[in-house]
Amino acid sequence: MKKALDFEITKRLDGTLARTGVIKTPHGDIKTPAFIVGGTKATVKTLTVEQVLALGGQSVLANTYHLMLRPGADVIAAAGGIHKFMNWQGPTFTDSGGFQIFSLGMAYGKGIDATSHSTKGDVDLAKHSSTQLAKVTDEGASFKSHLDGSSLSMTPESSMELQHQIGADVHMSFDELTAPLAGRDYIKQAMDRTHLWAERSLARHKQLNDEHIAKGENLQALYGIVQGAREQDLRIESAKFLGGRDFDGYGIGGVFEPEEISETVRWVNEVLPENKPRHLLGMGAQPADLFMGVQYGIDTFDCVAPTRQARNGALFTYDGRINITNNKYQQDFTPIDSECDCYTCQNYTRAYVNHLFRADEVLGLTLASIHNERFVVRTVDLIRDSIGDGSFFDYKKRFLERYYGVEGARVFLNGDK
RNA sequence: GCGAAUGUAGCUCAUCUGGUUAGAGCGCCGGGUUGUGGUUCCGGAGGUAGCGGGUUCGAUUCCCGUCAUUCGCC
């Protein structure tokens with residue numbers, strides 16, 4: 001029987017979990033490691049698909065929650081699927097919506113968000129959920145739309161149905177995110193529920209794929225999502241549980257402190273089956289995330305931070321991040337980064353981008369987004385090359401010491417040869 | 001020339017009949033953002049209240065003078 005997705009490992013880096021490979025989908029291949037471009041609402045904000053292709057984007061990731069609210073999965077299905085709808089002919093992913101129910105529902109307006117770097121107290125969000133906008137039970141989640149407050153619900157089955165309507169190449173199983181403030185008991189409970197939901201997601205997914213086969217349509221792939229937060233034994237348990245199921249690949253979910261990424265990812269990837277792709281959900285706001293993820297076995301990333309930060313004027317350079325709105329760039333007629341090969345750096349100056357931001361001109365958002373997205377896509381591409389030719393550790397050291405400074409980079413270089 | 005109104009932060013304006021360190025919005029300066037927050041979020045700087053007198057325990061506030069701006073009338 002035809003498979004929804006193939007993954008071929010082309011090279012391994014000795015002594016690490018890093019590898020290069022190719023994910024093959026009905027809409028084309030993804031050379032890995034790869035940075036997947038954020039296309040939450042079936043658009044990469046401020047960019048045309050031509051611009052995304054030009055900056056080296058191989059694949060985009062959209063979001064089930066956002067698309068079910070607007071325009072509705074049925075509209076996308078009627079359009080012939082997300083590829084036709086948004087005019088992106090390459091590989092696509094959709095996230096299940098679980099994260100949004102957490103971040104926009106349960107934690108909405110409560111000062112708790114996915115990045116709360118708060119002390120690790122014991123907050124059981126389920127106990128608070130009756131007064132909040134989302135409620136999670138074993139059956140699924142009920143929540144209120146952040147757009148108009150209407151009552152909605154999502155189950156593993158309905159998430160799969162929506163994702164199949166949207167029609168991306170790779171889906172994520174419906175999961176429950178554990179909050180940064182969650183205590184171990186709740187982490188365990190949410191993980192168990194995520195496993196239950198993963199099995200139900202997989203069962204419904206297979207039924208829907210059978211329908212595609214009957215209609216002669218492309219098969220769609222499903223990743224199981226590993227949870228377990230910061231608990232090593234739970235992460236390992238989750239990787240074992242899901243690794244033993246017939247998923248096409250795996251997503252690693254949760255919320256991480258930057259310094260926790262490498263060890264959490266390592267726990268999981270030492271256990272997951274080696275021959276399936278692994279996606280690190282939502283991480284990649286800064287270069288160290290990319291190097292650490294790949295070194296410990298991640299094949300694909302997605303992260304909205306590069307484009308979100310771009311829209312607010314925070315731009316990457318190889319010497320660290322700058323805020324292009326700063327006064328000092330008003331008459332700086334050099335590129336954002338003289339070593340960057342993006343369209344923006346090839347054609348425009350810091351002074352011009354600074355002007356666009358100050359004048360509130362929308363082109364600034366586009367030029368900044370092209371630059372930041374190109375910066376991370378290229379960084380991961382060069383990581384892939386460095387695994388290919390064995391220079392990964394040299395590249396990593398050189399890149400991170402320049403970006404963070406020798407002192408700042410040290411924490412990321414510990415233990416490297 | 002005469003009459004009237006108005007002068008408070010870079011800008012537009014608050015400070016109720018005189019009462020602690022004169023506020024806001026915008027702008028300006030800096031920072032944040034990790035399964036998306038384009039209208040974002042968080043900090044910060046900045047005013048001898050046009051100027052000079054007077055009354056008062058105390059004046060941005062009341063009085064006088066002066067300068068400036070605006071409007072109206074000769």
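In the text below, chain A, chain B and the rest are named by the order of the sequence lines, each starting its count at 1.
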Proximity to RNA chain B (any heavy atom under 4.0 Å), residues of residues 286-306 of chain A only: A:Q286, A:D289, A:D302, A:C303, A:V304, A:A305
Interatomic distance at P, B:G10 relative to B:G18, whole Å: 28 Å
Residue-phosphate contact under 4.0 Å: A:N323 side-chain N/O, B:G32 OP1/OP2: no
Pair A:R19 + A:D299, salt bridge at N-O below 4.0 Å: yes
Syn/anti label of B:G37 as read from its glycosidic torsion, with the cut at 90° from 0: syn
C1' gap between B:C16 and B:A22, integer Å: 15 Å
Aromatic ring pairing A:F247/A:Y250, orientation class (parallel under 30°, perpendicular over 60°, tilted between): perpendicular
Salt bridge (Lys or Arg N to Asp or Glu O under 4.0 Å) between A:K276 and A:D6, intermediate numbers included: CA-CA 8 Å; A:K276 291 182 181 178; A:D6 268 311; over 6 Å; no
Sorted by number, the residues of residues 328-342 of chain A with heavy-atom contact under 4.0 Å to RNA chain B: none
Pairwise P distance, B:U60 and B:U8 [rounded to whole Å]: 15 Å
Contact under 4.0 Å: A:R321 side-chain N or O vs B:U33 OP1/OP2: yes
With sequence neighbours excluded, residues passing salt bridge (Lys or Arg N to Asp or Glu O under 4.0 Å) with A:D29: none
Contact under 4.0 Å: A:N327 side-chain N or O vs B:C29 OP1/OP2: yes
Parallel, tilted or perpendicular, as decided by the 30° and 60° cut-offs, for the rings of A:H355 and A:Y352: tilted
Test side-chain hydrogen bond (donor to acceptor under 3.5 Å, both in side chains) applied to A:R204 - qualifying residues, sequence neighbours left out: A:E161, A:Q207
Single hit among A:R374, A:R378, A:R402 for salt bridge (Lys or Arg N to Asp or Glu O under 4.0 Å) with A:E339: A:R402
Residues within residues 360-375 of chain A bordering RNA chain B, heavy-atom distance below 4.0 Å: A:V362, A:L365
Contiguous Watson-Crick or G-U pair runs (3 or more, under 3.5 Å) in RNA chain B: B:1-7 with B:67-73, B:10-13 with B:23-26, B:28-32 with B:40-44, B:50-54 with B:62-66
Sugar-phosphate, base or nothing in reach of A:G254, heavy atoms under 4.0 Å: base
Any donor-acceptor N/O pair under 3.5 Å between B:G35 base and A:Q227 side chain: yes
Aromatic ring pairing A:F93/A:Y223, orientation class (parallel under 30°, perpendicular over 60°, tilted between): perpendicular
Touch class at under 4.0 angstrom, heavy-atom based, for A:R358 against every strand present: sugar-phosphate
Sugar-phosphate, base or nothing in reach of A:N326, heavy atoms under 4.0 Å: sugar-phosphate
Non-neighbouring partners of A:T194 that pass side chain to side chain contact (heavy atoms under 4.5 Å, CB included), sequence neighbours left out: A:D175, A:E176, A:Q227
Side-chain ion pair, A:D192 and A:K188, N-O less than 4.0 Å: yes
Student check: side-chain heavy atoms of A:Q330 and A:N327 closer than 4.5 Å: yes
Neighbours of RNA chain B within residues 264-283 of chain A, by heavy-atom distance under 4.0 Å: A:L281, A:G282, A:M283
Show the atom names and distances, to 0.1 Å, of all donor-acceptor pairs under 3.5 Å that link a side chain in residues 71-88 of chain A to residues at least two apart or in another chain.
unit_1 : atom_1 : unit_2 : atom_2 : d
A:H83  : NE2    : A:H27  : ND1    : 3.3
A:H83  : NE2    : A:G90  : O      : 3.2
A:H83  : NE2    : A:T92  : OG1    : 3.0
A:H83  : NE2    : A:D169 : OD2    : 2.9
A:W88  : NE1    : A:G90  : O      : 3.3
A:W88  : NE1    : A:P91  : O      : 3.1

Same-atom distance (C1') from B:A45 to B:C63, integer angstrom: 37 Å
A:D385: salt bridge (Lys or Arg N to Asp or Glu O under 4.0 Å) partners, not counting sequence neighbours: none
Residues which pass side-chain hydrogen bond (donor to acceptor under 3.5 Å, both in side chains) with A:Q58, listed by chain and number, not counting sequence neighbours: none
Interatomic distance at C1', B:G1 relative to B:U15, whole Å: 37 Å
Distance test, side-chain N/O of A:H66 to OP1/OP2 of B:G37, below 4.0 Å: yes
Counterpart residues, side chain to side chain contact (heavy atoms under 4.5 Å, CB included), relative to A:A368 (two or more places apart): A:A310, A:L315, A:F357
Residue from A:Q163, A:H164, A:H171 passing side chain to side chain donor-acceptor pair (under 3.5 Å) with A:H205: A:H164
Closest-nucleotide ordering on RNA chain B, the 5'-leading residue of A:I225 and A:N312: A:I225
Verdict with supporting geometry, A:E237 and A:K240, salt bridge (Lys or Arg N to Asp or Glu O under 4.0 Å): CA-CA 5 Å; A:E237 179 185 340; A:K240 281 181 180 164; over 6 Å; no
